[in-house]
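First the structure, in the form of structure tokens, and then the observations on it.
Throughout, residue positions are numbered sequentially from 1 according to the sequence presented.
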Amino acid sequence: MARIKVGDKIRDLKLPTIDGKTFDISEHKGKNIFISWLRFSGCPFCHLRINELTNVDDKYGENFENVAIFSCNIDALKKTATKHGTSIIVAADEKRTYFDKYEMPRSLARVSLGILISPLRMMRAVFKGYAAPSFNGSFNAVPVDVMINKEGIVEKVKYASHTTDHMPINEIIEFSNS
């Protein structure tokens, strides 16, 4: 397969979640799905992003799933992602099966750029308690945000230019209500 692009259908995506269940995209037909492909288990930027996504739960539409997929071991992720509650599905791609299948980018330069230009976000993440000393997974992974509409078609994709580059929250809220 190749990188995810607008118009694609993602039918094959099945991963373990931190609540002991399995996220299977085929079980969420008829819903708008927002997927954040993230980094390693203790990534402070990633956990801060999840916090931002879950802080606006009350603004999301009813037929909406919010999913965060980390490139790490599920047990390591369980130790770092328990603060996020149940309104977001947090899953682990332990063997990078889907990260590799969909050619999720890796770049130490883009990771370094995110750290360099976002010291205030890093401090905010640390103060919120998201600086877990767990480096299980892909440190050099670069985030990707994907919106999949109710028909199962990719409506929008954002390949991050650095580790803190994501789709704006207001766009996600609008998508969730469409």
Side-chain angles (χ1 to χ4, degrees), residues 3-4 15 17-19 32-61 64-93 96 98-99 102-148 154-177:
R3 281 185 158 200
I4 297 170
L15 295 165
T17 62
I18 62 169
D19 60 1
N32 286 328
I33 304 170
F34 177 72
I35 301 177
S36 298
W37 297 83
L38 300 168
R39 299 174 62 223
F40 61 96
S41 62
C43 172
F45 289 136
C46 302
H47 290 288
L48 181 60
R49 176 64 173 177
I50 292 174
N51 176 259
E52 292 165 348
L53 289 167
T54 58
N55 281 343
V56 294
D57 282 342
D58 60 330
K59 293 182 171 78
Y60 294 136
F64 176 71
E65 290 294 346
N66 199 351
V67 182
I69 301 174
F70 284 78
S71 173
C72 67
N73 173 282
I74 190 67
D75 292 326
L77 188 57
K78 285 178 183 179
K79 293 175 185 171
T80 60
T82 56
K83 296 180 184 181
H84 299 304
T86 58
S87 65
I88 188 167
I89 297 168
V90 181
D93 186 355
R96 287 191 55 92
Y98 298 102
F99 273 78
Y102 297 121
E103 297 181 10
M104 295 299 163
R106 292 192 233 193
S107 169
L108 193 51
R110 289 176 13 187
V111 167
S112 300
L113 176 63
I115 293 167
L116 183 66
I117 67 173
S118 304
L120 294 178
R121 277 191 73 71
M122 179 62 84
M123 287 177 22
R124 191 162 167 237
V126 169
F127 287 131
K128 284 191 166 276
Y130 298 127
S134 175
F135 287 95
N136 182 277
S138 187
F139 179 81
N140 65 346
V142 179
V144 176
D145 291 339
V146 180
M147 292 178 174
I148 302 169
V154 174
E155 196 168 293
K156 187 172 183 180
V157 180
K158 178 169 181 71
Y159 284 87
S161 59
H162 53 79
T163 52
T164 63
D165 181 28
H166 292 280
M167 286 183 191
I169 298 286
N170 62 336
E171 284 184 30
I172 300 162
I173 292 169
E174 185 179 318
F175 167 74
S176 78
N177 287 289

No-hydrogen, no-angle side-chain donor-acceptor test under 3.5 Å, His162 and Thr164: yes
Rounded distance (nearest 0.5 Å) linking atom CZ of Phe99 with atom CH2 of Trp37: 6.0 Å
Heavy-atom pair with the smallest gap, counting every atom of Leu116 and Pro119: O-CD, 3.5 Å
Asn136 (side chain) donor-acceptor with Asn73 (main chain) under 3.5 angstrom: yes
Any donor-acceptor N/O pair, Arg39 side chain to Ser138 backbone, under 3.5 Å: no
Working for side chain to side chain contact (heavy atoms under 4.5 Å, CB included), residues Arg121 and Phe45: CA-CA 7 Å; Arg121 277 191 73 71; Phe45 289 136; 3.9 Å; yes
Residue pair Glu155 / Phe175, side-chain heavy-atom distance below 4.5 Å: yes
Heavy-atom closest contact (Met167 atom, Ile172 atom, distance): O-CD1, 3.9 Å
Centroid separation Phe70 to His47 less than 6.0 Å: yes
Gap between atom CG of Leu38 and atom SG of Cys43 - 0.5 Å precision: 7.0 Å
Side-chain heavy-atom pair Val154, Val146 within 4.5 angstrom cut-off: yes
CD/Glu52: more than 12 non-hydrogen atoms of other groups inside 6.0 Å: yes
Thr80 side chain to Leu77 backbone, donor-acceptor under 3.5 Å: yes
Shortest non-hydrogen contact between Val56 and Ile169, atoms and distance: CG2-CG2, 3.8 Å
pair Leu15-Ile69: side-chain heavy atoms closer than 4.5 Å: yes
Interatomic distance, Cys72 atom SG to Arg96 atom CZ [nearest 0.5 angstrom]: 11.0 Å
Closest non-hydrogen atom pair, Ala68 against Ile50: CB-CD1, 3.7 Å
Side-chain ion pair, Lys156 and Asp145, N-O less than 4.0 Å: no
Side chain to side chain contact (heavy atoms under 4.5 Å, CB included), paired with Val67, selected from Val90, Ile88, Ile35, Thr17: Ile35
Stepwise side chain to side chain contact (heavy atoms under 4.5 Å, CB included) check, Arg124 with Leu48: CA-CA 8 Å; Arg124 191 162 167 237; Leu48 181 60; 4.3 Å; yes
Short side-chain to backbone donor-acceptor contact, Tyr159 and Met104, under 3.5 Å: no
Plane angle bin for Phe139 and Phe135 - parallel if under 30°, tilted between 30 and 60°, otherwise perpendicular: tilted
Audit row: Lys158, Met147, side chain to side chain contact (heavy atoms under 4.5 Å, CB included) steps and yes/no: CA-CA 9 Å; Lys158 178 169 181 71; Met147 292 178 174; over 6 Å; no
Spacing of Arg49 atom CZ and Ser36 atom OG [to the nearest 0.5 Å]: 5.5 Å
Stepwise side chain to side chain contact (heavy atoms under 4.5 Å, CB included) test for Ser107 and Val142: CA-CA 7 Å; Ser107 169; Val142 179; 4.0 Å; yes
Interatomic spacing from OG in Ser112 to CD1 in Ile117 - rounded to 0.5 Å: 11.5 Å
Val144 side chain near Val157 side chain, heavy-atom distance below 4.5 Å: yes
Within-4.5 Å side-chain heavy-atom neighbours: Lys79 and Ser41: no
Beyond-backbone contact of Tyr60 with Asn66, side-chain heavy atoms, under 4.5 angstrom: yes
Rounded distance [0.5 Å steps], CD1 in Ile89 versus CD1 in Ile18: 10.5 Å
Student check: side-chain heavy atoms of Ser87 and Asp57 closer than 4.5 Å: yes
Student check: side-chain heavy atoms of Leu53 and Asn51 closer than 4.5 Å: no
Tyr98 backbone acceptor or donor facing Asp93 side chain under 3.5 Å: yes
